[in-house]
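For this chain, numbers begin at 1 and follow the sequence in order.
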Amino acid sequence: MVNGTGQFNFNNHATVGVNDTSLTSLAVYFQKEIVKAKGLSIAVANSDSVSLIKLQLLKTQQIPGAYSLKIAPDRITISSSNKEGIFYGLVSLLQIIKGQPQGDGTGITLASAEITDAPRYQWRGLMLDEARHFFGKQKVKQILDQMAYYKLNKFHWHLTDVQGWRIEIKKYPKLAFEGGMGDYSDTTRNAQPKYYTQNDIREIVAYAAQRFITVIPEIDMPGHATAANRAYPEYSGGSVAGFPNFTFNPANEKTYQYLGDIIRETSAMFPSKMMHLGGDEVVLGVKAWSLDTTIARMMQKKNFADVGELERYFFKRMTDTVTSLGSKILAWDEAAPTDMPADKTIIFWWRQNLPGQLSLALQKGYQVVLCPRLPFYLDFVQDASQVSGRKWNGQFNPVTDLYNFPEKQLSPQTISAPNILGVQANIWTEKIASEKRLDFVLFPRIAGLAEAGWTAPEVKNELNFTQRLQAGFKNWDAEGIYYFNPFDITAHPEAIDFAPRIIERPVRAERHGRRHSEKRSHSKGEKKGHKASKKSKSSGSSHRSSSKSQKSKGHKKRK
């Protein structure tokens with residue numbers, strides 16, 4: 001950014017013009033956002049000849065998202081070789097405008113400046129788990145709006161798990177009607193089913209696309225399958241203590257047809273050509289496979305040495321279904337040992353305590369998204385004063401840790417690996433049941449995530465970031481967002497959906513990367529409080545929870 005001289009008067013007489021009609025929808029988007037932000041009505045023109053704000057699509061080559069923004073006293077020009085870059089230039093202009101005093105209501109002044117900008121990573125993601133708690137279409141759209149404002153471009157939608165199945169599959173309607181009953185707080189089977197219809201899905205996907213956000217569904221397999229197995233128990237891989245019907249049955253040939261049908265129907269709703277199949281924490285339920293004589297015979301017939309080999313066989317068959325549809329396979333880092341096509345596979349490294357999984361994925365040529373629990377699990381607490389949420393051996397995830405990633409966590413050699421796509425934050429919702437709590441864990445950390453994904457390391461400055469962060473609080477106040485203020489923790493008291501009960505527990509050796517690691521991640525065991533205090537123990541989620549229910553959350557804990 002280079003400061004200029006003079007000022008541009010932004011008022012109701014401004015017109016946004018385009019040099020390519022394909023940019024008109026972006027001009028209209030900006031027009032609507034300006035009304036919401038400042039109450040100013042500006043016009044949109046299908047040319048840029050007489051417009052004061054010009055959007056110019058160039059014929060040069062730039063990376064997706066790169067743009068230049070020039071504010072001069074007589075005009076504003078945003079240029080890029082791609083529509084994504086034009087959009088982000090408009091977002092930057094919107095950010096500058098929202099930072100100005102309201103004025104007399106007829107206009108505001110903008111200081112002259114020239115900005116040349118481009119994203120550091122092409123994957124700047126946010127994952128929302130709606131299997132544990134369901135938030136609905138309007139809340140998802142609000143999150144997408146905020147993602148667009150912070151230039152995040154991948155929305156990973158965790159739609160199936162132990163507690164609920166949240167997507168309509170017309171060939172198997174009971175998945176939504178029965179698998180969608182209840183949630184982490186309410187495990188009764190007479191609860192109203194909560195799920196997205198296929199029309200809902202398409203509406204949200206289109207809404208995201210207008211904001212240059214790609215939506216990626218996650219259909220978890222072969223573990224975390226309890227809700228699906230509740231609807232269609234004939235495909236269950238059996239139960240063990242604490243994990244009833246946790247897996248799909250790998251010895252039932254009809255299981256592959258059933259899941260293939262689900263994959264194909266889901267893929268038709270999401271044009272991203274990417275599908276996340278989970279693949280995590282299967283270890284929590286595979287003991288049931290060892291106890292099943294049919295599965296044992298299958299393993300003997302195929303000369304499988306152990307259930308791990310069977311798990312990889314299962315996952316490979318399902319990934320073949322995904323690739324046959326021309327889509328990429330996405331999976332958590334447990335899937336890294338599986339033999340999948342390198343050019344069609346994206347691994348999500350979430351276990352920061354297992355760097356070997358990251359190394360393995362990079363060595364195999366898989367593309368990798370970095371989303372380690374520290375600092376990218378937003379269900380972790382942000383500050384030592386908070387009581388609801390997880391910690392890892394006493395550590396928590398403040399906004400500045402996200403901002404400083406990856407330089408303060410990974411080696412320069414790892415960071416420079418060409419197959420690292422970018423970063424992603426994950427919101428697992430075992431302990432998040434309300435919109436207020438959801439906002440509290442997302443804000444202000446969404447700003448740190450945005451800079452981790454966008455800002456070049458050589459221009460990072462933590463002091464400057466914290467100053468800009470505080471200056472932006474007024475925007476969240478205006479939008480009614482209940483955020484955590486790390487500079488004044490009394491400003492917004494912690495929003496708590498589940499009251500913890502303090503239990504001293506000894507630290508035990510970690511047996512598995514996720515669930516058992518989650519057990520030791522708490523110096524305080526938490527029990528589900530409020531309305532969830534009497535719910536079934538089977539509603540655990542691997543990556544995140546604590547105490548007994550945590551066993552079933554190893555990955556979801558991550559998830």
When you look at Val441 and Ile432, which way does the side-chain contact (heavy atoms from CB on, under 4.5 Å) test go after all the steps? CA-CA 9 Å; Val441 303; Ile432 303 169; 3.8 Å; yes
In sequence, state the C-alpha distance, the side-chain angles, and the governing distance for Phe248 and Asn229, and then conclude on side-chain contact (heavy atoms from CB on, under 4.5 Å). CA-CA 8 Å; Phe248 292 112; Asn229 289 333; 3.6 Å; yes
Should Ile219 and Trp165 be marked as a side-chain contact (heavy atoms from CB on, under 4.5 Å) after you check the CA-CA gap, both sets of side-chain angles, and the distance that decides it? CA-CA 9 Å; Ile219 306 296; Trp165 184 282; 3.8 Å; yes
Go through Arg124 and Glu451 one step at a time and tell me if the salt bridge (Lys or Arg N to Asp or Glu O under 4.0 Å) criterion holds. CA-CA 9 Å; Arg124 305 179 300 280; Glu451 301 241 9; over 6 Å; no
Using salt bridge (Lys or Arg N to Asp or Glu O under 4.0 Å), reason through Lys254 and Asp261 one step at a time and then give a plain yes or no. CA-CA 11 Å; Lys254 292 182 179 179; Asp261 291 339; over 6 Å; no
Pair Asn249, Thr255 - check side-chain hydrogen bond (donor to acceptor under 3.5 Å, both in side chains), show working. CA-CA 6 Å; Asn249 188 340; Thr255 299; 5.4 Å; no
Tell me, with the steps shown, if Tyr196 and Leu159 meet side-chain contact (heavy atoms from CB on, under 4.5 Å). CA-CA 9 Å; Tyr196 292 101; Leu159 293 167; 4.3 Å; yes
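Trp349 has its ring centre no less than 6.0 Å from the ring centre of Tyr366. Between Tyr256 and Phe314, the ring center distance clears the sub-6.0 Å criterion. The six-membered or imidazole ring of Trp454 lies near that of Tyr88, with a centre-to-centre distance under 6.0 Å. A distance below 6.0 Å separates the ring centres of Tyr258 and Tyr235. Trp123 has its ring centre less than 6.0 Å from the ring centre of Phe348.
Using a 4.0 Å cut-off between a side-chain N of Lys or Arg and a carboxylate O of Asp or Glu, Asp183 and Lys194 qualify as a salt bridge. Looking at Asp439 and Lys139, a side-chain N of the basic residue comes within less than 4.0 Å of a carboxylate O on the acidic one, giving a salt bridge. In this structure, Lys316 pairs ionically with Asp320, as a charged nitrogen and a carboxylate oxygen lie closer than 4.0 Å. Using a 4.0 Å cut-off between charged nitrogen and carboxylate oxygen, Glu203 and Lys137 count as a salt-bridge pair.
Taking the centre and axis of the six-membered ring of Tyr403, the NZ or CZ atom of Lys460 falls inside the cone set by 45° and 6.0 Å. Cation-pi geometry between Arg211 and Tyr207 is satisfied (NZ or CZ under 6.0 Å from the ring centre, within 45° of the ring normal). Annotation: cation-pi pair Lys174/Tyr232 present, NZ/CZ under 6.0 Å from the ring centroid and within 45° of its normal.
The closest donor-acceptor contact from the side chain of Asp145 to the backbone of Gln142 lies at 3.5 Å or more, if one exists at all. Between the side chain of Ser327 and the backbone N or O of Thr323 there is no donor-acceptor pair closer than 3.5 Å. Put simply, the side chain of Ser236 never gets that close to the backbone of Asn245: no donor and acceptor are under 3.5 Å apart. Checking side-chain atoms of Ser272 against main-chain N and O of Val215 turns up a donor-acceptor pair under 3.5 Å. Here the side chain of Glu130 pairs a donor or acceptor atom with the backbone of Gly136 at under 3.5 angstrom. At distances below 3.5 Å, at least one donor-acceptor pair connects side-chain atoms of Lys364 with backbone N or O atoms of Thr338. Judged purely by atom type and a 3.5 angstrom limit, Gln367 has no side-chain atom pairing as donor or acceptor with the backbone of Ile347. Not a single donor-acceptor pair under 3.5 Å links the side chain of Arg445 to the backbone N or O of Val399. With Asn426 contributing its side chain and Leu126 its backbone, the two residues share no donor-acceptor pair below 3.5 Å. Formation of a donor-acceptor pair under 3.5 Å by the Asp401 side chain with backbone atoms of Asn397 is not found in this model.
Atom NZ of Lys141 has more than 12 neighbouring heavy atoms from other residues, nucleotides or ligands inside a 6.0 Å radius. Other residues, nucleotides and ligands contribute over 12 non-hydrogen atoms within 6.0 Å of the CD atom of Glu234.
With Trp289 as the partner, the side chain to side chain donor-acceptor pair (under 3.5 Å) test is satisfied by one option alone out of Thr247, Asp306, Thr294: Thr247. The ring pair (Phe, Tyr, Trp, His ring centres under 6.0 Å) test with Phe212 singles out one residue from Phe87, Phe155, Tyr149, and that residue is Phe87.
Side chain to side chain, Thr414 and Ser411 meet the donor-acceptor criterion of an N or O pair below 3.5 Å. Side-chain atoms of Lys151 and Ser92 include a donor-acceptor pair closer than 3.5 Å.
Taking CG of Asn82 as the start and CG of Leu58 as the end, the distance is 9.5 Å to the nearest 0.5 Å.
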